[in-house]
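Reminder, nothing fancy here: chain letters follow the sequence lines and each chain counts from 1.
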There are 2 protein chains.
Amino acid sequence: MSSASSNKAEREILDKYLARTGVRRSAQRYKIMDVFLSAEHHITVSELSDLIKKKYPAIGAATVYRTMKLFCEAGIAEEIVIGDGVVRYEHKYGHEHHDHLICTDCGKFIEAKDSQIELLQQKLAERHDFSPTYHRLQIFGLCKKCQKD
Amino acid sequence: MSSASSNKAEREILDKYLARTGVRRSAQRYKIMDVFLSAEHHITVSELSDLIKKKYPAIGAATVYRTMKLFCEAGIAEEIVIGDGVVRYEHKYGHEHHDHLICTDCGKFIEAKDSQIELLQQKLAERHDFSPTYHRLQIFGLCKKCQKD
DNA sequence: TTTAGTGCAAAGGCTTTGCAGATGT
DNA sequence: ACATCTGCAAAGCCTTTGCACTAAA
């Protein structure tokens, strides 16, 4: 897993954020960042916390929860909520907005984007005198593989 | 609060469902249905449970949780998840699918629909060999009132 | 040295579950 | 009568918080 080079850019973002806000750099924060960035793309804190416990047993779950919030503020992670009502985080850096196709059978996520839909969403909001800042589109169904089963 | 006549149809649905599946009719289920149908449109079980505790103190929270799941199966309620990771229920009967504009300031929900977006979503799914069953679109931002403040 | 960050454990909140008693069929 | 449903309380889970200790700056 050579996540080193791709993590470098994120590390710079984190450093920049930490410097800018006067927040301290700690070994834990970099370790959590490494595990987060090499982990699955849509991960819950408790899943992430388990991964971290394996690799760095000394880091407590509370720190992971606290750190993920920090990462959101720093612009490295973004909170998303899938159908099950659980907060998940996805990598934000170098990762533009996309919608999700979610297989209700195997749980697979497909990331997709349609600029025409985005535009229509904008117009829909305008019709309701609503000023949108972001949106979330999740399409549930069966992925190619699960349609056969 | 004259919810009686509008509730009549739902009660029939519930009766039909109960009859069809061999599930029993109980006083609690009808009471929970009445409170649910006259309550706010997007309600969490714990909110609903509080309302029910006021009107029918004898009904326990566990029953409310169990009953809402039953209502989903019966087609009277539908689970939705807003940005905060909490499961909410909305009335399904006589209420076709719609998307949500959610004000991040006052929490207001606007229900909206755009058939062109729906169509494009369908096509988006097809492009990914994905067979959609349902979707959820949430647009976050500021409602008309909160834009002024 | 001084203040933020951390780990641990306890507390919180919401949801589910086990069980004995109540209730529908 | 008999299987389901209910209420209560306990247990579960995930997440947050308080506090003394550690470690950046």
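Nearest-nucleotide positions on DNA chain C place B:A61 closer to the 5' end than the other of B:A61 and B:V23. Each of B:K69 and B:A27 was matched to the nucleotide of DNA chain C holding its nearest heavy atom; the match closer to the 5' end belongs to B:K69.
You'll find that the side chain of B:S46 is closest to C:dC14, out of D:dT15, D:dA25, C:dC14. Taking only side-chain atoms of B:A62, from C-beta outward, the nucleotide of C:dT25, D:dT6, C:dT17 with the closest atom is C:dT17.
No side-chain heavy atom of A:I43 sits less than 4.5 Å from a side-chain heavy atom of A:R88. The side-chain heavy atoms of A:F71 and A:L14, taken from C-beta on, include a pair separated by under 4.5 Å.
Nucleotide D:dC14 holds its C1' atom 15 Å from the CZ atom of A:R66, rounded to whole Å. Distance CG (A:D50) to P (D:dT15): 11 Å, rounded to an integer number of Å. Put simply, OH on B:Y56 is 17 Å from C1' on D:dT6, counting in whole angstrom units. Taking atom CD1 of residue B:I52 and atom P of nucleotide C:dC14, one finds them 16 Å apart after rounding to whole Å. Nucleotide C:dT6 holds its P atom 9 Å from the CD1 atom of A:I59, rounded to whole Å. Atom CZ in A:R24 sits about 6 Å away from atom C1' in D:dA25, given to the nearest Å. Atom CG in A:L48 sits roughly 14 Å away from atom P in D:dC14 (whole-Å rounding). Atom pair A:K31:NZ and D:dA24:P shows a separation of 10 Å (rounding to whole Å applied).
Salt-bridge check for A:D114 with B:K123: failed, with every basic side-chain N at 4.0 Å or more from each acidic carboxylate O.
A sub-4.0 Å separation between OP1 or OP2 of D:dT6 and a side-chain N or O of B:R29 is present. Neither OP1 nor OP2 of D:dT22 sits under 4.0 Å from any side-chain N or O of A:Q28. Dashed line: the shortest gap from a side-chain N or O of B:T63 to OP1 or OP2 of D:dC5 is not under 4.0 Å. Note on A:S26: a side-chain N or O is less than 4.0 Å away from OP1 or OP2 of C:dT6.
Under the 4.5 Å side-chain heavy-atom criterion for Ile, Leu, Val, Met, Phe, Trp and Tyr, A:F130 and A:L119 are members of distinct hydrophobic clusters.
A cation-pi arrangement is present between A:R11 and A:Y30 under the rule of less than 6.0 angstrom and at most 45 degrees off the ring axis.
Among the heavy atoms of the strands lying under 4.0 Å from A:A58 are primed sugar atoms or P, OP1, OP2 only; no base atom is included.
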